[in-house]
There are 2 protein chains.
Amino acid sequence: MRNFTYCVPTEIVFGKDTEVSCGREVKKHGGTKALIVYGGGSARRSGLLERIEKSLEEEGIAYAEFGGVKPNPGLAFAEEGVEKGIREKVDFILGVGGGSAIDTAKAIAHGVANPGIPLWDIWMKKVPLTRTTKVGVVLTIPAAGSETSDSAVLTNEVIGKKSGLGTELNRPAFAIMNPELTFTLPKYQIGCGIADIMMHTLERYFIPDQENRMTDEIAEGLLRTVIDSGRKALQNPADYDAMSELMWCGSLSHNNLTGLGRAKDFSVHKLGHALSARFDCVHGATLTAVWGSWAEYVWTNDVNRFVHYAKQVWGIEGSGEETAREGIEKTVSYFKSIGMPVSLGELGIGIQDEKTLEELAMDATMNDTVRLSVLRPLDASDVLEIFRKANH
Amino acid sequence: MRNFTYCVPTEIVFGKDTEVSCGREVKKHGGTKALIVYGGGSARRSGLLERIEKSLEEEGIAYAEFGGVKPNPGLAFAEEGVEKGIREKVDFILGVGGGSAIDTAKAIAHGVANPGIPLWDIWMKKVPLTRTTKVGVVLTIPAAGSETSDSAVLTNEVIGKKSGLGTELNRPAFAIMNPELTFTLPKYQIGCGIADIMMHTLERYFIPDQENRMTDEIAEGLLRTVIDSGRKALQNPADYDAMSELMWCGSLSHNNLTGLGRAKDFSVHKLGHALSARFDCVHGATLTAVWGSWAEYVWTNDVNRFVHYAKQVWGIEGSGEETAREGIEKTVSYFKSIGMPVSLGELGIGIQDEKTLEELAMDATMNDTVRLSVLRPLDASDVLEIFRKANH
């Protein structure tokens, strides 16, 4: 087991009707005026925003609103939010929605606490981030895990780059998680969430350091839970227990608990981010579109690990290469079964010209300056090969 | 899944040589003068205290010391610590050791922050606890999980009562966990730790609310990990990976992660505390001495749960009563195999007179005013029956 540090100070408030405690939570964490950051009109139409506003008013918390966050949230939009937050003199940012709203809230929080510093300079770590504004979350989509994670992802539309920022200052002060708020999600979005949750664990799982029994147990248990609950949630999106499992697993999957004591990979995310930045695809779908091709490209570097995975997660008996491959196939079949694409063609961006594939490979590897994946270090030519495999 | 709140703000610093970061951690969390609370001379002899002092000095942190914590730590001793802490004007309490040292540190922290209020009044919740002094921990025994838990246990020697205090103010600011510090533990103490860790999870597991898949997966994975790693650690207490697993599982087992979304039981702890308060037995050993008798007394109230346990934790195939009983037997055999007592006789306190057993049953149930166990509510006469079963 490698040395590690771990700290998730986020207060989880989980369960039915918990959004009414929003005002109390903001107050408890010292907020007096909040900027409510959210996406489309569904938060308004469903009555959720009204309940949140009422709960803020009851505690004497003032607020301003900043709606319109889109999937793959952009830098320019977050900068607008920073301006509004500063203008409105808020001291608390409240993200309402899924990963996009929460990541935008985190970005705005950093900007508001550091006026005058370009947000992208913070994102690229040109300026060290030493302070932020407190963020609270009302989660409505089980997926990204941003509600307790140390990461946030923004897309710089000008240079076409999607990039994550990892910092302990990204951990929200509280996360309100009411599974009932997810009952109206479209099935495709549920599928993307399941994929994202699984991938946050898978990306921490295929690592050569394998002396981490408890971390493995949590990862494997989480994958089994998500696989089963995902099936149930897609059959009946109003299944409270299934959605509860997905929502809780979404947090646990990405707050580092599933990877403690070993290195981190996240190479498939790098491939996915390259696709999202160029084609504006939904995050979870970009991951399933390439995971199978990635796995087929790297699995021979650690057959035992893939055998172990096949056995623990999919209950496949046996050993050796056949079992390892079967585990990969089961995973890809599962992605299909939950309506997720497993190729660039199914993602809707079948690429005709080799040049675009090459550019994507360069994007994913920062112009061939970094090696992705721990199991098998991947340079731009390896990534190109994976994109080619996935391009059908 | 029941509604829940969950927050573990404790910063975990896990791995080799991490104790040298102690001064940095105290400083980071705002301490300027620490009271170092520890047990016997081994922390001094081993050089650990010296390394900790050096690390404090390097960061300009002043300190005073308060050694001599004993197992089943007492109220009077903690009160002495409060006096010393106030006299020395400390603003940080540093617990060095296992559960006894950490629980004493927590108690002192509450007392120092609330001068003039009798500690037992805080413990009995006669005075609401609204503030405390920050606590940091250097853990040397994987067992109690106090390093990240919301609980602490003290014994009031005058009235012969051992009692836990649960409050979010009990969560330490940081916990330094170096598995190498455990290599010199006597095997009996390792066994007691294994028992304590398992029991913290078992006490949250046998509950009628069973729609908690992820919580179950974590609990079952943790039990399997502790069972295997416990065997390895007893064979070779210098097995770094095995001790790492025990240490990490000790924290996860008792910080509530293994019980989220359902009720809490802890009836076996109540029985154990009654034994410890009267006979000053080691905590973990009191639990194994009665667990089998408790299980035999309650299992028929939820056969399916015990079958599920047998299958998931012990790999026993089958269904029905025989499987359930086999799971209980395997658990008791495991306790024996790690050198733990499984009866009051083996605990060294075989009780000759019925009156003592009756008094113990009254102690455990607060004079028959509370019902223990969720699976089967236990009054004093039930508890007496369990003590009788265990008294051989």
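We name chains A, B, ... by the order of the sequence lines, and we start the count at 1 in each one.
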> Stepwise, does the side-chain contact (heavy atoms from CB on, under 4.5 Å) test hold for B/Phe92 with B/Ile61?
Replying inline: CA-CA 10 Å; B/Phe92 202 96; B/Ile61 311 286; over 6 Å; no
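- When atom types are taken as modelled, the side chain of A/Lys330 and the backbone of A/Ile316 share no donor-acceptor pair closer than 3.5 angstrom.
- Contact annotation for B/Asp228: only side-chain heavy atoms (C-beta onward) come within less than 4.5 Å of a heavy atom of chain A.
- When each of A/Arg224, A/Glu11, A/Arg213, A/Glu168 is checked for heavy-atom pairs under 4.5 Å with chain B, A/Arg213 comes out on top.
- Under the 30°/60° scheme for interplanar angles, the aromatic rings of B/Tyr6 and A/Trp248 are found to stand perpendicular.
- Of the atoms belonging to A/Thr10, it is backbone heavy atoms, and not side-chain ones, that fall under 4.5 Å from chain B.
- In this structure, chain A has a heavy atom under 4.5 Å from the side chain of B/Tyr240, while its backbone stays farther away.
- Of the atoms belonging to A/Arg171, not a single heavy atom falls under 4.5 Å from chain B.
- Each of A/Asn212, A/Val226, A/Thr18 has some count of heavy-atom pairs under 4.5 Å with chain B, and the biggest count is that of A/Asn212.
- Relative ring orientation between B/His254 and B/His200 is described as parallel, the plane-to-plane angle staying below 30° on a 0-90° scale split at 30° and 60°.
- No part of A/Thr148 comes within reach of chain B, as not one of its non-hydrogen atoms sits under 4.5 angstrom from that chain.
- Each of B/Thr182, B/Val138, B/Leu139 was compared with B/Met177 under the side-chain contact (heavy atoms from CB on, under 4.5 Å) criterion, and only B/Leu139 meets it.
- If you measure heavy-atom distances from A/Asp216 to chain B, you find no contacts under 4.5 Å at all.
- Counted by atom type alone, B/Glu245 and B/Thr225 present zero donor-acceptor pairs between their side chains at under 3.5 Å.
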